[in-house]
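Order of the sequence lines fixes the chain letters, A, B, ..., with proteins taken first and strands second; residue numbering starts at 1 for each chain. These numbers were taken from a predicted model, which means no experiment stands behind them.
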Amino acid sequence: MNALIQAEALTINRPDSAITVLDRVDFRISPGEIVTVVGPNGSGKSSLVRALLGHMPLAGGRVARRAGLRIGYVPQKVHVDTAIPMNVRRFLSLPRRVSDAEAEAALARTGVPGLGRRPLTQLSGGQFQRVLLARALLADPHLLVLDEPTQGLDQPGIVAFYQLIEEVRRQTGAAVLMVSHDLLVVMRSSDRVICLNGHVCCEGTPEHVSNAPEYRALFGAEAQGMLALYRHHHDHDHDGTVSGHVHGPGCDHDHGHA
Amino acid sequence: MLDDFFTRAILAGLGLALVAGPLGCFVVWRRMAYFGDSTAHAAILGVALALAFDISIYAGTLAVAVVMAVTVAALVSRGQAMDTMLGVLSHSALAFGLVAISFVPGARSDLSGYLFGDILAVGRSDLVLIWGGAALVLAVLMIRWQRLLTSSLNEELAMAVGIDPRVERLVLSLALAVVVALAIRVVGSLLISAMLIVPAAAARGWAGSPERMAAGAASIAAASVGLGLWTSLRLDSPAGPTIVTVAAIFFVASQILRRH
Ligand SMILES: Nc1ncnc2c1ncn2[C@@H]1O[C@H](COP(=O)(O)OP(=O)(O)OP(=O)(O)O)[C@@H](O)[C@H]1O
Ligand SMILES: [Mg+2]
């Protein structure tokens, strides 16, 4: 198997219920690839990521991860209890102990040098996000899985972040699976984009996706910006929708969520 | 030297303190205080069963504590509203145990010994069990330290590196059951959770790392045992409660000193 992770007909229900969150999603990520998942809030992006990592039970379908796959994961939300005295340096050594030099290099790389002695619970949102990324990089991953990694980052931070991701891929050959709302940047820095809304609405190269009617229907305003960016002229009409969400041909199944 | 009841008491208390400190840190970190309570209170039921079937008190309390710990751990995994559930379990376990023990002939008179411990009556075989059990639990905690810590900090981050949080939770539950069984002679059922939580809470204020907090909790627990036993001899107060009182004083001191 060449793919790092491959999933077929992945179906997920909401915990303890029969309400479908994700319906028959096929997915595949190859070494060195940058894949970004976009979609509105509640569309099942985080659920997809967690199912691919094996963190949540499947209601149907299959997920195969390459044997010995090392994953660096930055979840969307990481709650750390103040009851545990834990500074950044110690955190970077969980669960694999790393040397001081490695730790400091990782922090410098993600733009927070010298933060090692700061307690985890006394970091700002953006600082914490960078520390999480540093820890993910220290795992020397084959695959980086980042769920909204730029939340809380300042504007230059976001730009620097995507540069860093591409740099990491260049240097280590790691693949990147990312969830993001930064549509403009996503389109510039991904190899493949998956547009999700309870199922895969459309997927493919950024050019293909930004031109797809399903994508435009989901992200009206911003999609316009994308169009300007890519100078695609569009001949679809998407003003007449009632639900605020239309499907293209081949995307005509209903959603499991209200 | 072991012929002296006071020496045996000190040794038993120290053995318990060394393991209760670090294990208590996990109880504090994971906010499992009520979890400790329910397991400890269930131990009284174990005492009743042990007396009724004429088996060792340690075996009886261990068995019931294990059942309770595993039940509670399973409930926690299912994410139920735990506060109320644990409160119900904890207090019913105690009430059940007290009722059960009242049916065992002759046990009623020893009741306070099981509720508050009878450290001055510790014998040589108790010492062997306490130190053996404590060493076992400490070894498990040390070997699994990084995994336990990662999974206590954040379960999603743990899962991403292949740690199963359910396994770590079970390990901690079983360790807790063992320590509860060991502690029944030393501080008794009602004060076991105090020995777990109070020293760890006192150490929290000072500690900059999980390791220092664990070591600090063990030291504070050990100091409480020493000072508490000495005080109980001088004042002729009950040993178990006096030990916990000293630990509580350490806690208050740590809170006051922390602010300045
Ligand atoms: N712990 C949970 N319990 C019950 N339902 C949940 C839980 N987590 C997510 N859901 C439901 O699953 C659906 C998908 O959620 P998910 O977190 O995957 O969305 P998302 O695309 O990541 O959204 P966002 O952009 O807000 O992060 C939502 O309808 C949500 O209500
Ligand atoms: Mg999400």
Side-chain angles (χ1 to χ4, degrees), chain A residues 15-16 46-47 49-57 65 67-98 116-122 128 131-133 135-136 138-147 177, chain B residues 21-22 24-33 35-36 75 77-81 142-168 172 196-197 200-217 254 258:
Chain A
D16 299 318
S46 300
S47 305
V49 162
R50 297 177 57 226
L52 291 173
L53 295 178
H55 295 183
M56 92 191 277
R65 283 175 295 275
L69 183 66
R70 273 197 310 275
I71 294 173
Y73 177 40
V74 177
Q76 178 172 1
K77 247 189 314 194
V78 178
H79 172 76
V80 170
D81 202 301
T82 49
I84 309 186
M86 176 80 63
N87 64 23
V88 170
R89 172 67 188 87
R90 182 70 187 84
F91 178 63
L92 294 180
S93 269
L94 279 180
R96 189 178 69 88
R97 293 190 185 274
V98 296
R117 298 176 62 90
R118 191 85 69 82
L120 271 192
T121 49
Q122 289 175 20
F128 188 47
V131 168
L132 285 174
L133 180 65
R135 181 173 169 279
L138 279 170
D140 187 19
H142 303 119
L143 172 65
L144 269 174
V145 179
L146 311 167
D147 195 345
L177 170 61
Chain B
C25 289
F26 283 103
V27 173
V28 168
W29 294 337
R30 303 174 75 108
R31 305 203 179 260
M32 314 199 306
F35 187 109
L75 287 174
S77 311
R78 290 181 47 193
Q80 308 208 352
M142 276 160 126
I143 291 167
R144 303 188 73 88
W145 186 255
Q146 288 280 91
R147 313 181 129 247
L148 286 168
L149 202 55
T150 309
S151 129
S152 301
L153 188 73
N154 187 281
E155 300 205 335
E156 267 217 288
L157 291 178
M159 283 192 277
V161 288
I163 299 171
D164 186 344
R166 287 168 305 183
V167 172
E168 307 308 317
L172 282 179
L196 288 166
I197 293 162
R204 172 65 185 94
W206 297 90
S209 76
E211 289 75 18
R212 260 174 261 149
M213 179 161 158
S254 81
R258 186 185 180 179

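Both the backbone and the side chain of A:Ile84 have a heavy atom closer than 4.5 Å to some heavy atom of chain B. In this structure, chain B has a heavy atom under 4.5 Å from the side chain of A:Arg135, while its backbone stays farther away. Interface remark: B:Arg30 contributes no atoms to any contact with chain A (heavy atom separation under 4.5 Å). For B:Met213, the part lying under 4.5 angstrom from a heavy atom of chain A is the side chain only. Only the side chain of B:Arg204 has a heavy atom closer than 4.5 Å to any heavy atom of chain A. For B:Glu155, no part lies near chain A; criterion is any non-hydrogen pair under 4.5 Å.
In this structure, CD1 on B:Ile197 lies 11.5 Å from SG on B:Cys25, to the nearest 0.5 angstrom. Taking CG from A:Leu120 and CG from A:Asp81, the interatomic distance works out to 11.5 Å, rounded to the nearest 0.5 Å. With rounding to the nearest 0.5 angstrom, the OG atom of B:Ser152 is 8.5 Å from the CH2 atom of B:Trp145. Between the CE atom in B:Met142 and the CG atom in B:Leu148 there is a gap of 13.0 Å [rounded to 0.5 Å].
Here A:Pro85 is the residue among A:Pro85, A:Ser93, A:Gly54, A:Ala83 with the most heavy-atom pairs under 4.5 Å with chain B. No other option in B:Arg31, B:Arg212, B:Arg147 has as many heavy-atom pairs under 4.5 Å with chain A as B:Arg31. With respect to chain A, the highest number of heavy-atom pairs below 4.5 Å among B:Leu157, B:Ile163, B:Val28 belongs to B:Leu157.
Under the 3.5 Å distance criterion, the side-chain polar atoms of B:Arg144 are left unmatched by any main-chain donor or acceptor of B:Glu168.
Residues that satisfy the salt bridge (Lys or Arg N to Asp or Glu O under 4.0 Å) test with B:Glu156, not counting sequence neighbours, are A:Arg50. A search for ring pair (Phe, Tyr, Trp, His ring centres under 6.0 Å) contacts involving A:Tyr73 returns A:His55, not counting sequence neighbours.
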